[in-house]
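What follows is a set of notes on a single structure, which appears directly below.
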Amino acid sequence: MRRGGPLLSSLPSRSPRASCSRREFMPFATIAELSKYDGQTLTLRGWLYNRRSSGKIQFLQVRDGSGIVQAVLVLKEVGEEMFRRVEAIPQESSITVTGSVRADARSPGGYELGASDVQLVAAAQPYPIALQAHGVGFLMEQRHLWLRSRKPHATLRVRAEVVRAVRDFLDGRGFVLVDAPILTPAACEGTTTLFGLDYFDEGKAFLSQSGQLYMEAGAMAFGKVYCFGPTFRAEKSKTRRHLTEFWMVEPEIAYGTLDDVMSLAEEFISFIVQRVLERRKEELKILERDTKPLEKIQPPFPKLSYDDAVKILNETRAAQNPPIPPFGGGDFGAPDETTLSLRHEKPVMVHRYPISVKAFYMKRDPAAPDKALCVDVLAPEGVGEIIGGGQREDDLALLEGRIAEHQLPKEAFEWYLDLRRYGSVPHAGFGLGIERTVAWICGTEHVRECIPFPRMMYRIYP
RNA sequence: UGCGGGGUCAUCUCAACCGGUAGGAUGCCUGAUUGUUAAUCAGGUCGUGCGGGUUCGAGUCCCGCCCCCGCAGCCA
């Protein structure tokens with residue numbers, strides 16, 4: 001590391017020395033840990049978020065990524081030259097601020113910095129994002145800058161906490177991370193549209209739409225596994241629940257049954273929600289999220305068979321004015337899912353859908369051969385399905401039949417069939433969509449705000 | 001892909017009545033202000049998506065295109 005420059009001569013931020021008055025010994029600290037340094041003098045490195053000026057006193061809102069703090073600059077304390085110089089610094093310029101930390105009830109956040117020195121690192125050009133009144137279209141064009149604003153910042157911190165909770169939960173329960181490939185030779189399920197690309201002399205390759213089949217191989221090797229990564233769907237969906245690139249975590253358990261993964265799913269979701277409530281209170285407050293509904297998210301969740309769900313939907317439809325015709329079978333539409341989820345405070349688990357609407361690898365229910373041993377978890381408050389999963393077909397002959405029925409190229413699935421040829425066992429798993437989970441927890445209308453750089457049908461910039 | 005709703009300054013869930021000088025707010029610039037909380041106050045700056053058509057005259061009416069938003073299907 002080089003020496004000399006004020007930015008590079010940092011001491012470890014954890015060992016502030018308040019008694020030092022010479023600048024080269026000033027410690028750097030982050031705003032998040034400011035309250036630990038009450039009464040001490042230190043230097044913050046960040047950006048000018050906003051300024052309110054009153055002629056002889058300036059209030060600088062300084063952000064450094066960990067938080068926002070107000071620095072107070074008084075004319076008679078810092079002198080005319082510095083005061084005027086700081087007054088000319090544009091919004092979002094990078095700056096360092098040296099000053100003493102003090103508690104002050106008048107300051108947003110409770111603490112403020114009595115500034116003794118402000119250094120400009122790089123002046124910003126006129127910043128496109130004002131502190132209020134912008135449309136989502138404009139903000140998405142500026143997504144790379146919008147990340148600095150309060151709401152996206154809070155949402156993405158919740159996302160990071162969700163991801164950490166996902167890993168902590170699964171790692172803590174003996175699941176082994178076995179990442180699935182993103183470049184795949186063929187469709188996993190054959191239904192959804194895939195993004196294709198040329199793969200050298202091997203012909204077409206595709207971006208993965210699910211790591212599940214690979215997780216089944218992983219489960220036969222490690223017992224309990226999961227993968228966590230991006231997933232790609234080339235569907236032309238333009239709704240607030242869809243992205244063309246989204247993140248999914250997919251646990252898979254050897255010797256696991258539908259009941260096992262249903263229990264796992266409700267504990268998993270509860271763990272994630274409680275973890276966010278515990279560690280990201282400030283962020284949920286910034287997002288104005290009512291946390292009361294989230295506090296109730298604890299096992300057990302309400303469970304509903306597909307047949308019972310159909311009865312409820314038909315009752316609801318008949319009660320409408322004018323009545324809507326009864327449900328015709330098949331998969332539920334988005335309004336149906338909303339009807340079901342609005343009946344409960346917790347996520348609702350709908351199990352045993354007709355085998356005809358589910359993927360080829362789903363296992364039939366021995367008690368009802370037209371039903372699959374599968375489960376969808378519908379989040380409350382209208383976010384829709386956050387989990388889809390179930391028990392996999394473990395019988396070689398039945399699976400071969402399903403592949404034929406779905407008119408899938410058998411050669412592509414030989415490796416997958418091998419898992420049934422060499423010591424097949426019952427196994428089950430599910431996929432949890434990260435952005436929908438974050439949208440639900442944050443109370444965000446659209447999933448596009450729950451990923452740093454959303455990819456949608458009509459947006460691939462920035 | 002289908003259906004619906006929209007494109008007015010750099011920005012805005014904004015205004016412009018029957019076709020007649022495009023108005024406001026925010027930002028930005030200048031000035032004032034010693035405790036601001038999206039600070040406030042005064043002044044200034046900036047605009048009708050593209051291509052045709054009707055008309056004395058088009059933001060407004062007609063035709064085509066482009067773009068955006070929402071919903072649906074599909075899914076997480």
Side-chain angles (χ1 to χ4, degrees), chain A residues 49-61 68-78 83 87-88 90-92 104-110 112 114 124-142 146 149-150 188-194 209-212 230-250 265 330-338 347 357-359 375-379 383-389 430-440 445-448 450-451 456-459:
Chain A
Y49 186 73
N50 190 22
R51 174 192 27 250
R52 290 180 279 270
S53 171
S54 295
K56 288 171 184 153
I57 183 167
Q58 284 180 66
F59 302 95
L60 309 181
Q61 312 298 315
I68 296 177
V69 74
Q70 171 164 285
V72 184
L73 205 68
V74 178
L75 174 61
K76 71 178 179 195
E77 288 172 11
V78 299
F83 195 86
E87 225 172 17
Q91 183 193 6
E92 283 302 326
D104 192 315
R106 293 171 296 183
S107 181
E112 65 181 21
Q125 294 180 22
Y127 193 63
I129 301 176
L131 289 174
Q132 66 278 346
H134 292 291
V136 179
F138 172 78
L139 290 169
M140 274 301 172
E141 286 295 309
Q142 322 287 333
W146 190 25
S149 299
R150 281 190 124 102
C188 284
E189 307 183 19
T191 52
T192 32
T193 320
L194 297 169
Q209 62 171 342
S210 166
Q212 187 214 307
T231 296
F232 306 88
R233 304 274 166 95
E235 297 263 319
K236 294 187 174 177
S237 301
K238 296 185 296 181
T239 79
R240 61 193 158 91
R241 300 182 306 281
H242 286 90
L243 297 167
T244 52
E245 178 182 321
F246 66 96
W247 285 63
M248 186 157 69
V249 56
E250 296 174 276
D331 210 346
F332 299 136
D336 298 319
E337 290 187 352
T338 303
V357 303
K358 288 294 176 181
V375 62
D376 283 1
V377 181
L378 311 177
V383 178
E385 185 184 341
I386 54 172
I387 278 183
F430 61 79
L432 171 84
I434 293 298
E435 289 76 16
R436 285 187 185 177
T437 303
V438 173
W440 165 46
E445 191 71 12
H446 202 301
V447 290
R448 66 188 163 200
C450 297
I451 187 168
M456 291 174 293
M457 206 180 143
Y458 291 124
R459 172 156 280 113

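The shown structure was predicted, so the numbers you read here are calculated from the model rather than taken from an experiment.
- No engagement by A:Gln58 is indicated, since no non-hydrogen atom pair under 4.0 Å with the nucleic acid exists.
- Here B:C75 presents its P atom at 7 Å from NZ of A:Lys358, a figure rounded to the nearest Å.
- Closest of all the heavy-atom pairs between A:Pro90 and A:Ala124 is CG-O, 3.4 Å.
- Across every non-hydrogen atom of A:Leu378 and A:Glu337, the tightest pair is CD2-CD, 3.8 Å.
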Filtered N/O pairs between nucleotides 70-72 of chain B and protein, under 3.5 Å:
unit_1	atom_1	unit_2	atom_2	d
B:G70	OP1	A:His446	NE2	3.4
B:G70	OP1	A:Arg448	NH1	3.1
B:G70	OP1	A:Arg448	NH2	3.2
B:C71	OP1	A:Arg240	NE	2.6
B:C71	OP2	A:Arg240	N	3.2

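- Between the CE atom of A:Met457 and the P atom of B:G2 there is a distance of 10 Å, given to the nearest Å.
- The residue A:Gly137 sits apart from the nucleic acid: no heavy atom pair falls under 4.0 Å.
- Stem analysis of RNA chain B (Watson-Crick or G-U pairs, both distances under 3.5 Å, runs of at least three) returns B:1-7 with B:66-72, B:10-12 with B:24-26, B:27-32 with B:40-45, B:49-53 with B:61-65.
- The side chain to side chain donor-acceptor pair (under 3.5 Å) check on A:Arg459 picks up A:Glu141, with sequence neighbours excluded.
- Comparing B:G70 with B:A10, their P atoms are spaced 24 Å from each other, to the whole Å.
- Sequence order on RNA chain B of the closest nucleotides to A:Pro126 and A:Val357 puts A:Pro126 first from the 5' end.
- Atom-to-atom, CG of A:Leu139 to P of B:C68 comes out at 16 Å; the value is rounded to the nearest Å.
- Between the P atoms of B:C61 and B:A15, the separation comes to 15 Å (whole Å).
- By the side chain to side chain donor-acceptor pair (under 3.5 Å) test, A:Arg106 pairs with A:Asp104, sequence neighbours left out.
- A:Asp104 comes within contact range of at least one nucleobase, with a heavy-atom separation under 4.0 Å.
- The same atom, P, is picked in B:G49 and in B:A22; the two are 15 Å apart, to the nearest Å.
- Checked by atom type and distance alone, the side chain of A:Glu435 pairs as donor or acceptor with a backbone atom of A:Trp247 at under 3.5 Å.
- At least one side-chain nitrogen or oxygen of A:Arg459 sits closer than 4.0 Å to the OP1 or OP2 atom of B:C69.
- Using atom P as the reference point in both B:C50 and B:G7, the two lie 14 Å apart (nearest Å).
- Of the two residues near RNA chain B, A:Gln91 and A:Ala105, the one whose nearest nucleotide lies more 5' is A:Gln91.
- For A:Gln61, whose side chain is taken as the heavy atoms from C-beta onward, the closest listed nucleotide among B:A76, B:G27, B:U36 is B:U36.
- The interatomic distance linking A:Glu141 (CD) with B:C68 (P) rounds to 9 Å, in whole Å.
- Aromatic stacking is not marked for A:Phe59 over B:G35, as the cut-offs of 5.5 Å for the centres and 30° for the planes do not both hold.
- Glycosidic conformation of B:C18 is syn; the angle stays within 90° of 0.
- A:Glu92 meets the side chain to side chain donor-acceptor pair (under 3.5 Å) test with A:Arg63, A:Arg148; sequence neighbours excluded.
- Going from atom CD of A:Glu77 over to atom C1' of B:G35 covers 12 Å, rounded to whole Å.
- A distance of about 32 Å separates the C1' atoms of B:C67 and B:C29, rounded to the whole Å.
- To the nearest angstrom, P of B:C75 lies 13 Å from CG of A:Leu194.
- In this structure, the CD atom of A:Glu337 is 10 Å from the P atom of B:C74, given to the nearest Å.
- Scanning all heavy atoms of the two residues, the minimum distance from A:Ala439 to A:Val447 falls at CB-CG1, 4.1 Å.
- Across B:C12, B:C68, B:G35, the shortest atom-to-atom separation from the side chain of A:Tyr458 is found for B:C68.
- With hydrogens and angles disregarded, no donor-acceptor distance shorter than 3.5 Å links the side chain of A:Arg241 to the backbone of A:Arg436.
- Between A:Phe246 and A:Arg233 there is a side-chain heavy-atom pair separated by less than 4.5 Å.
- B:U48 and B:A58 have their P atoms separated by 15 Å, with the value rounded to a whole Å.
- Residue contacts for A:Tyr127: at a heavy-atom cut-off of 4.0 Å it reaches no nucleic acid atom on any strand shown.
- When rounded to the nearest whole Å, the span between CD1 of A:Ile434 and C1' of B:C75 equals 16 Å.
- Taking the C1' atom of each, B:G43 and B:C65 are spaced 43 Å apart, rounded to whole Å.
- Here A:Ile434 contributes atom CD1 and A:Leu243 contributes atom CG; the two are 12.5 Å apart, rounded to the nearest 0.5 Å.
- Taking all atoms of both residues into account, the shortest heavy-atom contact from A:Thr437 to A:Gly433 is OG1-O, 2.7 Å.
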Check: protein-nucleotides 29-34 of chain B nitrogen or oxygen pairs below 3.5 Å:
unit_1	atom_1	unit_2	atom_2	d
B:U34	OP2	A:Ser54	O	3.4

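- Comparing the same atom, P, in B:G53 and in B:G59 gives a spacing of 15 Å after rounding to whole Å.
- Nearest heavy-atom pair, A:Gly431 versus A:Glu250, reported as atom, atom and distance to 0.1 Å: CA-CG, 3.8 Å.
- Two residues are said to be in side-chain contact when any heavy atoms from C-beta on lie closer than 4.5 Å; A:Gln212 and A:Met248 fail this criterion.
- A pairwise comparison of heavy atoms in A:Phe83 and A:Leu73 identifies CE1-O, 3.4 Å as the closest pair.
- Between the side chain of A:His134 and the base of B:C12, no donor-acceptor pair under 3.5 Å is found.
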